[in-house]
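Have a look at the structure below, then the notes.
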Amino acid sequence: GIATITKQVDSVCPYCGVGCQLQWNVGPDEKGEETIRFVVGRDGPANHGRLCVKGRYGFDYIHNPKRLTKPLVRRAGAAKDAQDIERVKRGELALDALFRPANWDEALELAAGGLRKLRDGAIAQGLRGNAIPLAGFGSAKGSNEEAYLFQKLVRQGLLTNNVDHCTRLCHASSVAALLEGLGSGAVSNPVADVAQAGFVLLIGANPVVNHPVAATWLKNAVDRGATLCIADPRGNALSRRAKWHLRFRPDTDVALLNALLHVIIEEGLVDEGFVAARVNGYEALKASVAEATPERMSEICGIEPETLREVARAYATSSGSMILWGMGISQHVHGTDNARGLIALAMVTGQIGRPGTGLHPLRGQNNVQGASDAGLIPMMLPNYQRVANDAARAAFEALWGRNPLADHLDPTPGLTVVEIMHAAAEGRIRGLFVEGENPAMSDPDLNHARAALAGLEHLVVQDIFATETAILADVILPASAHAEKWGSYTNTDRLVQIGRPALAPPGDARQDLWAIEQVARRLGLPWTYWHDGPEGEDGDGQLAAEAPVARVFEEMRAGMSPLAGVPWSRLIREGAVVTPAAREDEPGEAVVFTDHFHTPDGRALLVPTTFAAGPETRDADFPFVLTTGRVLEHWHTGAMTRHASMLEALSPLPLVTLHPLDAQALGIAHEAAVELATRHGSVRAVAHLSTEVRRGQVFMAFAYWEAAANRLTGDAIDPVGKIPGFKVTAVSVRAP
Ligand code: SF4
């Protein structure tokens with residue numbers, strides 16, 4: 001029948017970094033319960049009414065009966081065992097056997113008490129900074145305010161900078177290269193600028209699957225005459241619109257990019273005026289690519305020399321050339337070098353600083369840009385102020401006021417995600433607070449990561465479902481879903497947008513911001529963002545309250561210059577403001593670097609790179625290359641989408657994409673069982689035969705606990721960005 005709608009709430013999509021604006025349509029279900037009945041797209045700056053299948057149909061996870069409705073604490077005597085994850089997921093072990101319900105006071109005291117005990121014991125032993133055996137993982141799917149408050153909790157309450165989030169597994173290497181080269185880790189131009197570009201290089205990205213609405217702007221641009229070059233070993237639904245699809249050998253990006261740079265320099269296509277005025281390090285780059293001829297690099301990357309020349313010429317000579325990239329660039333042990341090559345291309349040709357040019361790392365999660373901006377990273381305070389910088393620490397100490405626990409913020413950069421997991425395995429990290437992340441699915445080398453999580457003395461997980469990580473927790477705090485709270489979210493275009501609550505959380509679930517503050521208070525921090533208690537007007541954290549979120553945002557704004565012109569009231573009024581925005585009465589800067597870069601001297605820095613093979617060598621035992629990624633219907637570890645009925649119905653199986661000729665040689669039929677094994681682990685999944693992969697390559701998504709792809713990946717990391725090389729793992733494939 002036709003749904004009765006009692007309330008329409010304007011918000012933003014909880015999934016990808018495109019940041020589509022949408023409207024929750026709320027009304028009674030068959031039982032009279034208030035539910036989201038359907039979702040429609042709004043005319044937002046990033047989507048103009050469009051939504052993809054996740055935004056439109058992926059909302060009913062909110063109403064899934066598996067939502068956590070009570071705090072849970074581990075039962076006395078219920079030992080932690082990493083194998084319990086799959087036992088619980090398979091239904092062989094009840095969650096009730098491991099956990100008992102508790103009230104919030106008890107759960108918060110246990111959660112904070114365990115952290116407090118480890119902190120105080122470490123301080124008494126003289127440990128400081130990243131040697132304190134505690135860490136926190138915040139989340140890029142939480143709001144800016146949650147990210148900001150969580151990193152502040154770790155730095156002020158746990159007295160360490162051991163705080164990180166999934167950017168480390170996503171674009172950390174891109175951000176490292178952009179900060180180093182241009183002084184800013186964000187995009188230079190919005191995605192929609194492709195409409196003004198003459199040439200677009202789309203490298204290591206599959207936006208039809210991962211940024212679907214952004215892909216529609218790209219399709220439109222090509223249909224209107226822009227030239228598209230795709231560079232990706234895998235097939236891509238945009239390939240038929242591309243003039244070139246460079247299906248280079250996996251992991252040879254540096255060779256490919258150096259060949260393009262070589263041609264641009266050799267053929268006199270460098271924008272000499274731009275380089276002289278705005279770029280440092282050109283001579284060193286020129287020397288480093290002198291030997292990287294297309295002929296030599298072709299032998300490594302597998303692309304014909306003449307094709308490399310044609311692409312280099314097209315990129316350099318177009319009136320406006322834009323580069324968009326994804327995790328095909330970043331998720332490598334040399335991801336920073338890959339991104340350095342892209343930056344160099346834009347710099348030597350002056351293809352930046354104007355509409356229809358520039359560099360755009362397509363950000364994954366809806367708020368990964370904002371969470372990073374807000375300081376949810378171990379080496380930076382909010383606004384990318386390095387923790388080692390005395391003036392930056394002093395500024396935040398002044399903004400945050402006196403901390404009764406410590407006179408000063410710690411100057412030592414904290415540990416990153418993978419480093420934290422290693423430290424946990426070695427007993428150097430003993431307590432962890434995880435808010436909204438799922439490292440028991442998202443981390444590389446899962447067998448090792450799960451054992452490390454199971455070995456923690458104290459694990460607190462705050463989430464909306466009993467995730468794979470939560471199954472190993474000591475305390476689980478039931479949180480609010482995206483559509484149950486206020487918050488701001490920063491999309492891939494640096495657009496800050498407002499998310500509004502449509503519903504109350506179920507049962508005893510609480511607002512995330514409230515719970516973070518409650519833990520902070522029990523760690524000894526005198527926080528009062530949430531005016532609760534007998535006189536409080538914000539409630540007990542069960543219902544969404546706007547005022548505490550606004551208070552946190554305003555404090556954050558005071559410490560972050562790009563938000564100077566964006567008071568909370570403006571966000572509410574306009575719904576979306578692009579940053580940086582220096583003044584309240586002016587629009588923000590959609591295109592940056594128009595006349596200077598954000599480095600100390602305003603000039604870009606080129607960093608030469610040399611091709612080097614990664615650690616995952618193929619041999620007779622492991623002859624294939626495994627690439628992991630996502631599918632259209634499922635988001636990251638599946639914590640939300642696998643609980644969304646329509647998305648799960650569309651994509652219920654853990655598929656392994658395999659070339660039909662490889663499958664034939666191995667005797668594997670379409671949709672038959674297939675076993676993958678690497679030097680790190682093995683899984684059994686379902687064969688999906690397609691020429692989307694090259695021969696010798698297989699692909700699988702990491703959303704499926706039944707065949708957790710990260711059981712197969714290794715945890716070698718990029719030395720600069722500290723990101724694992726998810727895109728290349730040597731693997732064997734066989735019929736079981
Ligand atoms: Fe949501 Fe991204 Fe889809 Fe837009 S493109 S509806 S933001 S998942």
Side-chain angles (χ1 to χ4, degrees), residues 9-25 36 38-62 139-144 166 170-171 187 190-194 202 205-221 236-238 324 326-327 360-371 481-483 487-500 502 575-576 578 629-648 650-651 701-703:
V9 179
D10 290 346
S11 191
V12 292
C13 177
Y15 293 112
C16 91
V18 173
C20 296
Q21 291 192 358
L22 50 71
Q23 183 184 65
W24 314 118
N25 282 260
I36 294 177
F38 60 87
V39 171
V40 293
R42 289 195 293 136
D43 189 15
N47 64 316
H48 299 289
R50 299 177 182 194
L51 293 176
C52 78
V53 66
K54 289 190 288 288
R56 190 173 297 279
Y57 299 114
F59 56 87
D60 72 351
Y61 71 91
I62 296 168
S139 175
K141 55 182 184 282
S143 65
N144 284 319
C166 64
C170 166
H171 262 307
V187 302
V191 176
D193 258 25
V194 293
L202 177 71
N206 190 358
V208 171
V209 166
N210 300 317
H211 303 84
V213 167
T216 67
W217 309 132
L218 201 46
K219 287 178 197 164
N220 291 355
N236 186 313
L238 288 169
L324 296 105
M327 276 156 255
H360 191 119
L362 285 154
R363 306 311 301 263
Q365 185 70 49
N366 64 339
N367 197 40
V368 70
Q369 181 64 58
H482 176 84
S488 68
Y489 301 85
T490 306
N491 83 342
T492 190
D493 296 332
R494 295 180 268 104
L495 190 66
V496 185
Q497 307 194 91
I498 280 285
R500 293 182 175 82
V578 73
R630 292 166 288 188
V631 289
L632 173 63
E633 296 83 5
H634 287 303
W635 190 246
H636 291 180
T637 70
M640 290 147 64
T641 54
R642 296 213 66 202
H643 292 102
S645 58
M646 205 154 331
L647 299 178
E648 179 64 0
L650 286 168
S651 195
F702 63 97

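Each ligand, and each atom within it, is numbered from 1 in the order the structure gives.
- The line from CG of Asn491 to CG of Leu362 is 11.0 Å long, rounded to the nearest 0.5 Å.
- For Asn367, the side chain to side chain contact (heavy atoms under 4.5 Å, CB included) partners are Asn144, Ala371, Tyr489, Thr490, not counting sequence neighbours.
- Within the protein, the number of N, O or S atoms lying under 2.8 Å from atom 1 (Fe) of ligand 1 is 1.
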Exercise. Could you go step by step and tell me if Trp217 and His211 meet the ring-ring contact (aromatic ring centres under 6.0 Å, His included) rule?
Worked result: CA-CA 11 Å; Trp217 309 132; His211 303 84; over 10 Å; no
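- Partners of Phe702 according to the side chain to side chain contact (heavy atoms under 4.5 Å, CB included) rule, which considers only residues two or more places apart in sequence or in another chain, are Arg630, His636, Thr637, Ala709, Asn710.
- One side chain, His634 or Glu648, offers a donor N or O that lies under 3.5 Å from an acceptor on the other.
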Can you give each donor-acceptor pair under 3.5 Å made by side-chain atoms of residues 15-22, sequence neighbours left out, with the distance rounded to 0.1 Å?
residue: Tyr15; atom: OH; partner: Gly58; partner atom: O; Å: 2.7
residue: Gln21; atom: OE1; partner: Arg42; partner atom: NH1; Å: 3.4
residue: Gln21; atom: OE1; partner: Arg42; partner atom: NH2; Å: 3.4
residue: Gln21; atom: NE2; partner: Gln497; partner atom: OE1; Å: 2.8

